[in-house]
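This report refers to the structure that appears directly beneath it.
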Amino acid sequence: MINFEKFTLKNGLKVIVHQDKSTPIVAFNMLYDVGARDEDKNKTGFAHLFEHLMFGGSINIPNFDEPLQKVGGDNNAFTSNDITNYYITVPKDNIETAFWLESDRMLSLAFTEKSLAVQRDVVIEEFKQNYLNQPYGDVWLLLRPLAYQKHPYQWPTIGKEIAHIENATMKDVKAFFYQHYLPNNAILAVAGDVETKHIQSLTEKWFGDIPAGKVPLRNLLKEPQQTEERRLKVERDVPANAIYKAYKMCSKTHQDFHATDLLSDILSLGKSSRLHSSLIKEQKLFSEINAYVMGSYDDGLLVISGNLSENIDFETAEKSIIQELEKVKSEMVSKTELTKVKNKIESTHEFSETSVLNKAMNLAFAELLGDANDVNLEGEKYQQVTPEDILRIANEILNETNCSTLIYAKSNNK
């Protein structure tokens, strides 16, 4: 159980405070309600570029890391298709450093051509290194537009193409900042040995005067229901043939999300899971196979991905996956099998709550999706899933007409 208190500033900044006296470290997590799905389809990669720009200095602080390092703090950030999240961990006596650093860049990021040029180059290099020049690196550049035809999930956080980042102008960047980096579009979660009263006074001091702005209304194109299978085959210089099958599923806030997550675990969590037992251990068709849900805030994907064993053809490999899926669609999972995956999720969840940073993040994520207290209901929601739920959802989503398949073949160039 994570106990917390909440308050909201006049400018709309929501604040969540969790007291944990067991650690001298305080986690400070600032979540902005903006991700790659909020980008213009002709100007993608901006949310991620912005994550980098936020470390390029603000009006009063030319080097974001330096003041933190001086007080024994650490920080980082990440972007997804749904959110951008910045976090700092710092000894509790130095918590105010986190407040003035984060408030300064919310209020007055330093928009310099030099900073933009530097961070643009960093992101372009990341695009090349991680997505274009790495084995299997372009999978999501291929699979997302195959699975999504309308919704902006059709591009990854890095963006559709390098040209979008190369052509990012100062005007574009400023417009993105003033639309999304606003107190009324953010949630701050603080966890550690802190008092709510003290956090409230620090928040008022450092964030209270930052004016609220007009957050654009999110009006995303809804992805129509998929009614026929989609396929794409590519050849790349990779060590092994691979297959990726993406099935449309519900959003993270849907009542079926927890059951769908458990379904993916039944398929591939651990060495005794179905796909691992049958396709790796028994039939030796794959060297590696995984099933996982994307956990997207809008309708997401359940993905099955696997690397084929040597000399196994794609047809045999894919057929074997579909046969396993037919089993989970036709036979009720046993209570024992379901309990096993529930227990694994519960232990992972409980272990994650030993970290103040994880607790701060989870509280902020839950608040964005509706209510911070949902962090305390997660375990119960998984426990309530029945074998009947698993059977129903398997039949609803694990159909080839609901699937986008990427066949990723290794090229024959010797």
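If you read the sequence from its start, that first residue is 1, and numbering goes on from there.
The aromatic rings of Phe111 and Phe177 stand perpendicular to each other, their planes meeting at an angle above 60°, with 30° marking the opposite boundary. Aromatic ring pairs are classed by plane angle as parallel below 30°, tilted from 30° to 60° and perpendicular above 60°; the pair Trp100 and Trp206 is tilted. Ring-plane geometry between Tyr86 and Tyr32 is classed as perpendicular, the angle between the planes exceeding 60 degrees on a 0 to 90 degree scale with a lower cut at 30.
Side-chain contact, Ser80 with Asp82: no donor N or O sits under 3.5 Å from an acceptor N or O. Side-chain contact, His18 with Lys359: a donor N or O sits under 3.5 Å from an acceptor N or O. In the model, Asp138 has a side-chain atom that pairs as donor or acceptor with a side-chain atom of Tyr408 under 3.5 Å. Judged purely by distance below 3.5 Å, without hydrogens or angles, the side chains of Asp389 and Thr386 pair a donor atom with an acceptor atom. The closest side-chain donor-acceptor pair between Thr44 and Glu39, if any, does not fall under 3.5 angstrom. When only modelled atom types and interatomic distance are considered, Ser404 and Lys245 share no side-chain donor-acceptor pair under 3.5 Å.
Asn241 contributes a side-chain N or O that, together with a main-chain N or O of Lys410, makes up a donor-acceptor pair within less than 3.5 Å. Using a distance-only test at 3.5 Å, with no hydrogens or angles considered, a donor-acceptor pair links the side chain of Asn94 to the main chain of Val71. Without hydrogens or angle criteria, Asn184 side chain to Gly213 main chain gives a donor-acceptor distance under 3.5 Å.
One finds a salt bridge joining Lys92 and Asp193 here, because a Lys/Arg side-chain nitrogen approaches an Asp/Glu carboxylate oxygen to under 4.0 Å. Salt bridge present: Arg231 and Glu229 bring a charged side-chain N and a carboxylate O closer than 4.0 Å.
Counting non-hydrogen atoms of other residues, nucleotides and ligands closer than 6.0 Å to NZ of Lys6 gives a total above 12. When the shell of 6.0 Å around NZ of Lys281 is examined, it contains more than 12 heavy atoms from other residues, nucleotides or ligands.
Contact of the Phe176 side chain with the Leu49 side chain is not registered, since no non-hydrogen atoms from C-beta on lie closer than 4.5 Å. At least one side-chain heavy atom of Thr203 sits less than 4.5 Å from a side-chain heavy atom of Phe7.
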